[in-house]
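Structure first, commentary second.
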Amino acid sequence: MPKLFNLLSSDVEEYVLQYIDEHHLEAGDRLPTERALAEELGITRSSLRSGLQALVDQGVIFSKQGSGSYLCQPKAIRTLANYCFPHADKAFANACYTARALRDLPVDLRWLTDHLSLGIESDVAKTDLFLESINNNIVSLTANVLSTHACMLYSDLFKSTHVPRELTQTQKVRIFDRPSESISHLLKTHASDTLLVLQNKIYLGERKIALSYSICVGTRVSLVSTTALPE
């Protein structure tokens, strides 16, 4: 590749992606050093880093201080509307989805289940807490709460392979910008990972019967929606 000057970060991205493809790199493989890449492209290391950071933000690579940049696992795909109904999500048809139950949370994370319990007031019948993995890669910490009414009407609601048509849901998604060490430890995240918070409320008519709260590693998952934007 000819030497290029004053590269935009997109040019650096393109070169690195091409390098990954041509050298058949896989998850966990290390890229050449910053010095080697900068010399190959004929640019400064500071210019190189802007392009590498863009790839970090996209979840393509991650950096280890003092060690270098490594290729991430391919991002999993989840359907936003069925986020809290993973067994009904067709995006998982060719993926290995697992949910590992957690008995308890560290003290600094107890707010998670407390928040959900208050959301259904005094009608809590069942709380499930678990780590979700896709293709053996941890993608989220999730807590689900079912009301007594939900347990009476639906068996294992959040494990349904088809979401009951009579149910409706509201969803909020936001960036979680202050993760604790406990969350980072549970999700095995790096400093460059982006975390998202997804909250789903499930209704039967006007009655709120269930809640789901998930802390998702946004750099490991692509959230897709089938909802069309208004013309």
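We use all heavy atoms of the structure for the numbers below, so side chains are in, but hydrogens, waters and symmetry mates are not. Nothing fancy with the numbering, it's 1 onward along the sequence.
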Under 3.5 Å donor-acceptor pairs involving side-chain atoms of residues 81-88, not counting sequence neighbours:
from	atom 1	to	atom 2	distance (Å)
N82	ND2	A88	O	3.3
Y83	OH	S214	OG	3.0

| query | Under a 4.5 Å side-chain heavy-atom rule over Ile, Leu, Val, Met, Phe, Trp and Tyr, are Y213 and L129 clustered together? | reply | yes
Worksheet item: Around E14, counting heavy atoms of other residues, nucleotides and ligands shown, do more than 12 lie under 6.0 Å from its CD?
Response: no
Would you mind reporting whether L109 and S180 have side-chain heavy atoms less than 4.5 Å apart? yes
d(E132 CD, I215 CD1) to nearest 0.5 Å is 12.0 Å
Between L37 and R45, is any pair of side-chain heavy atoms under 4.5 Å apart?
no
ask   = Going by heavy atoms in the side chains, are L223 and L198 under 4.5 Å from each other?
value = yes
dist E13:CD -> Q53:CD (nearest 0.5 Å) comes out at 10.5 Å
OG1 (T170) and CG (N200) are apart, to the nearest 0.5 Å, by 7.0 Å
Rounded to the nearest 0.5 angstrom, the OG-CZ distance for S140 and R78 is 5.0 Å
Any heavy-atom pair between the side chains of Q18 and D21 that's under 4.5 Å? no
Assigning hydrophobic clusters by single linkage (Ile, Leu, Val, Met, Phe, Trp, Tyr; side-chain heavy-atom cutoff under 4.5 Å), is I43 placed with L17?
yes
If Ile, Leu, Val, Met, Phe, Trp and Tyr residues are connected whenever their side-chain heavy atoms lie under 4.5 Å apart, and connections chain through other members, are V139 and L195 in the same group? no
Residue pair C151 / T148, side-chain heavy-atom distance below 4.5 Å:
no
On a heavy-atom basis, the closest approach of I77 and F92 is O-CE2, 3.4 Å
Notebook entry, point to check: Passes side-chain contact (heavy atoms from CB on, under 4.5 Å), D123 versus R207? Steps please.
Noted result: CA-CA 12 Å; D123 193 24; R207 188 171 186 176; 4.1 Å; yes
Self-check item: S63/V56 under side-chain contact (heavy atoms from CB on, under 4.5 Å): CA gap, chis, key distance, verdict
Solution: CA-CA 8 Å; S63 298; V56 169; 4.1 Å; yes
*Mind running side-chain contact (heavy atoms from CB on, under 4.5 Å) on V221 and L196 for me, showing each step along the way?*
CA-CA 10 Å; V221 177; L196 303 173; over 6 Å; no
One should read off an interatomic distance between S212 OG and L157 CG, to the nearest 0.5 angstrom, of 10.0 Å
Would you say that more than 12 heavy atoms from the other residues, nucleotides or ligands in this model lie under 6.0 Å from the CG of L131, or not?
yes
Next item on the list: Output yes when a side-chain donor or acceptor of N135 lies under 3.5 Å from a complementary backbone atom of N137, and no otherwise.
Entry: no
Note: F62 and L71 closest approach over all heavy atoms is CE2-O, 3.9 Å
Query raised in the report: Are side-chain heavy atoms of T219 and H190 found at a separation under 4.5 Å?
Result: no
request  = Decide whether V217 and L102 are clustered together by the hydrophobic rule: side chain heavy atoms of Ile, Leu, Val, Met, Phe, Trp, Tyr closer than 4.5 Å, transitively.
outcome  = yes
Contact check, side chains of R220 and I138, non-hydrogen atoms, under 4.5 Å:
yes
Shortest non-hydrogen pair, K75 vs G218, comes out as NZ-O, 3.4 Å
query = Quick one: do F176 and V173 end up in the same hydrophobic cluster if we chain Ile, Leu, Val, Met, Phe, Trp and Tyr together by side-chain heavy atoms under 4.5 Å apart?
reply = no
Donor-acceptor pairs are to be reported for all side-chain atoms of residues 24-36 against protein atoms at under 3.5 Å, with residues two or more places apart or in another chain.
from	atom 1	to	atom 2	distance (Å)
D29	OD2	E26	N	2.7
R30	NH1	S67	O	3.2
T33	OG1	A36	N	3.1
E34	OE1	R49	NE	2.8
E34	OE1	R49	NH2	3.1

More than 12 non-hydrogen atoms from neighbouring residues, nucleotides or ligands closer than 6.0 Å to CD on E22, yes or no? yes
Taking every heavy atom of Y154 against every heavy atom of I209, the minimum-distance pair comes out as CE1-CD1, 4.0 Å
Under a 4.0 Å threshold between the charged nitrogen and the carboxylate oxygen, would D193 count as salt-bridged to K188? no
Item checked: Pairwise side-chain contact, S182 with L105, heavy-atom cut-off 4.5 Å (strictly under) -> no
Value for NZ (K201) from NZ (K172), rounded to nearest 0.5 Å, stands at 5.5 Å
- Item | Residues F130, R100; criterion side-chain contact (heavy atoms from CB on, under 4.5 Å); working and verdict | CA-CA 5 Å; F130 50 94; R100 179 168 65 86; 5.8 Å; no
For the residue pair Y19 and Y15, does the interplanar ring angle fall in the parallel (under 30°), tilted (30 to 60°) or perpendicular (over 60°) class?
-> tilted
